[in-house]
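Below: one structure, written as structure tokens.
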Amino acid sequence: IYNSLRHEFGLKLLSVLAAVGLWFYVINAEDPIRSDSYQRAIYTTNVPQGLEAVKIRPERMGVRVRGRLSSLESSRFSNLRLVADLSDGKPGRNQVVLRVIGVPERVTVMSIERPTAQVWLDHRVAESYRVVPIVEGQAAEGSELLGTVGVEPERVKVTGPAGALER
């Protein structure tokens, strides 16, 4: 085998290099590398117990991805998400580094519009309120309200951020 490889080695090496070069040319001509951008909402994760995200700025952000045309066309980008991990979140404004999850195979993330987002957290509280009916308008001519208006249930429990319930 060694003698057959040595015989016209330069020609054989040139053939292999030409074949590899042709293969790269065909791959890039038939299935070129492209990039695309997607706007995605920012989702929160690992919000500490007793807190709730009340505002995220910006709410949406652009993600630029790159891959072969066939991968970009066949991939489902509905799972592509920007995630703000709030494990260390505290009440008030939090500057959080964003992560991209749900990136399809053979696709890479080139960039995110901004690496961070601001997320405001507030304490989650529950309050009980008495339901008070308000009768608006008047009874039709010739009719009258025969008694008091009752409501069921008489009380409701509302859960939400403390700032919203105070208002």
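Numbering starts at 1 and runs along the sequence shown. Hydrogens, waters and symmetry mates are skipped; everything else that's a heavy atom, side chains included, is used.
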[atom2] on [Y] to [atom1] on [X], rounded to 0.5 Å:
| X | Y | atom1 | atom2 | result |
| --- | --- | --- | --- | --- |
| Q118 | I42 | CD | CD1 | 10.5 Å |
| R66 | M110 | CZ | CE | 5.5 Å |
| E113 | M61 | CD | CE | 6.0 Å |
| L80 | R40 | CG | CZ | 5.0 Å |
| K55 | R93 | NZ | CZ | 10.0 Å |
| E127 | T159 | CD | OG1 | 9.5 Å |

I need the minimum non-hydrogen distance between [X] and [Y], along with the two atoms involved.
| X | Y | answer |
| --- | --- | --- |
| A84 | L98 | CB-CD2, 3.9 Å |
| T44 | A53 | CG2-CB, 4.1 Å |
| D122 | A162 | OD2-N, 3.4 Å |

Over 12 non-hydrogen atoms of neighbours within 6.0 angstrom of [atom1] in [X]:
| X | atom1 | value |
| --- | --- | --- |
| R57 | CZ | yes |
| E154 | CD | no |
| Q39 | CD | yes |

Has [X] got a side-chain atom pairing as donor or acceptor with [Y]'s backbone, closer than 3.5 angstrom?
| X | Y | value |
| --- | --- | --- |
| R124 | L51 | yes |
| D36 | R34 | no |
| N46 | D85 | no |

Side-chain heavy atoms nearer than 4.5 Å, only ILVMFWY residues, links allowed to pass through others: does that put [X] and [Y] together?
| X | Y | result |
| --- | --- | --- |
| L86 | V97 | no |
| Y129 | V125 | yes |
| V83 | V103 | no |

Give a yes-or-no answer on whether the side chains of S37 and R64 include a donor-acceptor pair shorter than 3.5 Å.
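The criterion, which ignores hydrogens and geometry beyond distance, is satisfied for R64 and S37.
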Apply side chain to side chain donor-acceptor pair (under 3.5 Å) to the pair S128 and R155, showing each step before the final yes or no.
CA-CA 7 Å; S128 179; R155 297 189 76 75; 3.1 Å; yes
Apply side-chain contact (heavy atoms from CB on, under 4.5 Å) to the pair V65 and Y38, showing each step before the final yes or no.
CA-CA 8 Å; V65 296; Y38 297 91; 3.7 Å; yes
